[in-house]
Protein chains: 2
Amino acid sequence: MLLSIDHAAPEPIYLQIRTQVVTAIARGELHPGDRLPSVRALASDLGVNLHTVNKAYALLRDEGYLVMRGRSGARITDPADLHASVGCEVGDERLAASLHQLALEYRARGGTLEEFGHIALQQARQAFEDA
Amino acid sequence: MLLSIDHAAPEPIYLQIRTQVVTAIARGELHPGDRLPSVRALASDLGVNLHTVNKAYALLRDEGYLVMRGRSGARITDPADLHASVGCEVGDERLAASLHQLALEYRARGGTLEEFGHIALQQARQAFEDA
DNA sequence: CATTTGTTATATAGCAGATATAACAAATCA
DNA sequence: TGATTTGTTATATCTGCTATATAACAAATG
């Protein structure tokens, strides 16, 4: 099972699915062109409703991570295409805004720029390690 | 007016208030010991309900940014105290988790570690600039 | 052409955000 | 001391989002 759902978590189920798919792509567990389970099959496996999975797939499609084509189902987008696409630019803007806000909050708690930079690079290196 | 509310934004009003107070602390627009408007006064100024402001203040208190004492009202915590407090450790854990997830999503979109580090440091420097 | 795919349309139940009114304990000020 | 202002709590209502359920649709496959 590639995905696991926590019904007790505060994060909505459809966002849990979305995040875990993105994480799997980042870690190389899902490759460009790979086919995801059908919304009905995954919903059955996870014990959730069809529409919950469909909402996650539609979000991933809107964000550019997936491509849907009729009965072909959901397939992983080529990251090269994604990185060059327009949708990625808005993603970069959101990334910058998120990083800016995290830095502001760290500063408000009395943290320094050097400490923040250290934590950021530490977490980034860990996220970019090969799976 | 220190705060401004966007009723059309998807972010809840009480979180908008919370974030703007934290940002003001980070930028030095609010100093340790400064007194915030009363929940009733701020609610009236912003055109929102008393409980919406109270929810934001209670959250800021739980996060350690504010201290409440009877009629003394809400006052800004000393960042030095905050940075040394236990509540700051869980804040650091959340920061690390957020940074890790942002890096994972950037990698999933075809970004590199170097690019991410550059954007992170760029935003951090901007956030730590003096107001 | 029948099947499987994602998609859309309705409807329902539950939870959170926001509002409204009311009352309470604690600290301040006259 | 006593009235006032502070944050806080208790109900209640309304709205929107999450999740579920049933049903039907267009597109692509074999």
Side-chain angles (χ1 to χ4, degrees), chain A residues 2-22 25 30 32-77 87, chain B residues 2-22 25 30 32-77 87:
Chain A
L2 191 62
L3 307 179
S4 65
I5 296 304
D6 181 4
H7 288 268
E11 191 181 15
I13 297 176
Y14 82 98
L15 285 183
Q16 292 185 39
I17 296 173
R18 177 262 175 198
T19 297
Q20 290 186 37
V21 168
V22 172
I25 295 175
L30 284 175
D34 277 359
R35 187 171 174 176
L36 288 184
S38 74
V39 291
R40 289 168 179 82
L42 183 54
S44 177
D45 281 0
L46 297 177
V48 301
N49 189 270
L50 175 158
H51 295 92
T52 305
V53 176
N54 186 64
K55 195 170 183 177
Y57 278 24
L59 178 58
L60 287 164
R61 165 179 53 75
D62 293 343
E63 291 179 325
Y65 292 110
L66 297 184
V67 175
M68 321 283 200
R69 259 188 334 159
R71 189 179 160 182
S72 292
R75 293 182 181 279
I76 306 294
T77 308
Chain B
L2 192 62
L3 307 180
S4 65
I5 295 305
D6 180 5
H7 288 269
E11 190 181 16
I13 297 175
Y14 81 98
L15 285 183
Q16 291 185 39
I17 297 173
R18 177 262 175 198
T19 297
Q20 290 185 38
V21 169
V22 173
I25 295 174
L30 285 176
D34 278 359
R35 187 170 175 177
L36 288 183
S38 75
V39 292
R40 290 168 179 82
L42 183 54
S44 177
D45 281 358
L46 296 178
V48 301
N49 190 270
L50 176 157
H51 294 92
T52 304
V53 175
N54 186 63
K55 195 169 184 178
Y57 278 23
L59 178 57
L60 287 163
R61 166 179 53 75
D62 292 344
E63 291 178 324
Y65 292 111
L66 297 184
V67 174
M68 320 281 201
R69 260 187 335 161
R71 189 180 161 181
S72 292
R75 294 182 182 276
I76 307 294
T77 308

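In what follows, chains are A, B, ... by sequence order, proteins preceding strands, each numbered from 1. Nothing here was measured: the structure is a model prediction, and the numbers come from that model.
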Please tabulate, one pair per line, all N/O donor-acceptor pairs under 3.5 Å involving side-chain atoms of residues 13-22 of chain B, not counting sequence neighbours.
unit_1	atom_1	unit_2	atom_2	d
B/Gln16	OE1	B/Asp6	N	3.0
B/Gln16	NE2	B/Asp6	O	3.0
B/Gln16	NE2	B/Glu11	O	2.9
B/Arg18	NE	B/Glu63	OE1	2.9
B/Arg18	NH1	A/Glu105	OE1	3.4
B/Arg18	NH1	A/Glu105	OE2	2.7
B/Arg18	NH2	A/Glu105	OE1	3.0
B/Arg18	NH2	B/Glu63	OE1	3.2
B/Arg18	NH2	B/Glu63	OE2	3.2
B/Thr19	OG1	B/Leu15	O	3.0
B/Gln20	OE1	B/Ser4	N	3.0
B/Gln20	NE2	B/Ser4	O	2.6

Please report the end-to-end axis angle for the helix from C/dC1-D/dG30 to C/dA30-D/dT1, five pairs per end, rounded to 10 degrees. 30°
B/Lys55 side-chain N/O to C/dG17 phosphate OP1/OP2 under 4.0 Å: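 Checking B/Lys55 against C/dG17: at least one side-chain N or O falls below 4.0 Å of OP1 or OP2.
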Can you tell me if the side-chain N/O atoms of A/Asn54 get under 4.0 Å from OP1 or OP2 in C/dG6?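 False: A/Asn54 side-chain N/O out of range (4.0 Å or more) of C/dG6 OP1/OP2.
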Given [options], identify the nucleotide with an atom nearest to the side chain of [X].
{"X": "A/Ser38", "options": "C/dT5, D/dT20, C/dT7", "answer": "C/dT5"}
{"X": "A/Thr52", "options": "D/dA19, D/dG7, C/dG6", "answer": "D/dA19"}
{"X": "A/Tyr14", "options": "C/dG6, D/dG7, D/dT18", "answer": "D/dT18"}

Determine the contact category for B/Arg35: base if any of its heavy atoms lies under 4.0 Å from a base atom, sugar-phosphate if only primed atoms, P, OP1 or OP2 are that close, otherwise nothing.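 Sugar-phosphate contact only - B/Arg35 comes under 4.0 Å of backbone atoms but never of a base.
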Check the distance between [N]'s [atom2] and [X]'s [atom1] and give it to me in whole angstrom.
{"X": "B/Leu66", "N": "D/dT6", "atom1": "CG", "atom2": "C1'", "answer": "14 Å"}
{"X": "A/Gln16", "N": "D/dA19", "atom1": "CD", "atom2": "C1'", "answer": "13 Å"}
{"X": "A/Ile17", "N": "D/dT18", "atom1": "CD1", "atom2": "P", "answer": "13 Å"}

Mark up nucleotides 22-30 of chain D, 5' to 3', with B wherever a protein heavy atom is under 4.0 angstrom from a base atom, S wherever such an atom reaches only the sugar-phosphate, and - elsewhere. B-B---BB-
Given 3.5 Å as the limit, does a donor-acceptor pair link the side chain of A/Arg75 with the main chain of A/Gly33, or not?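 Present.
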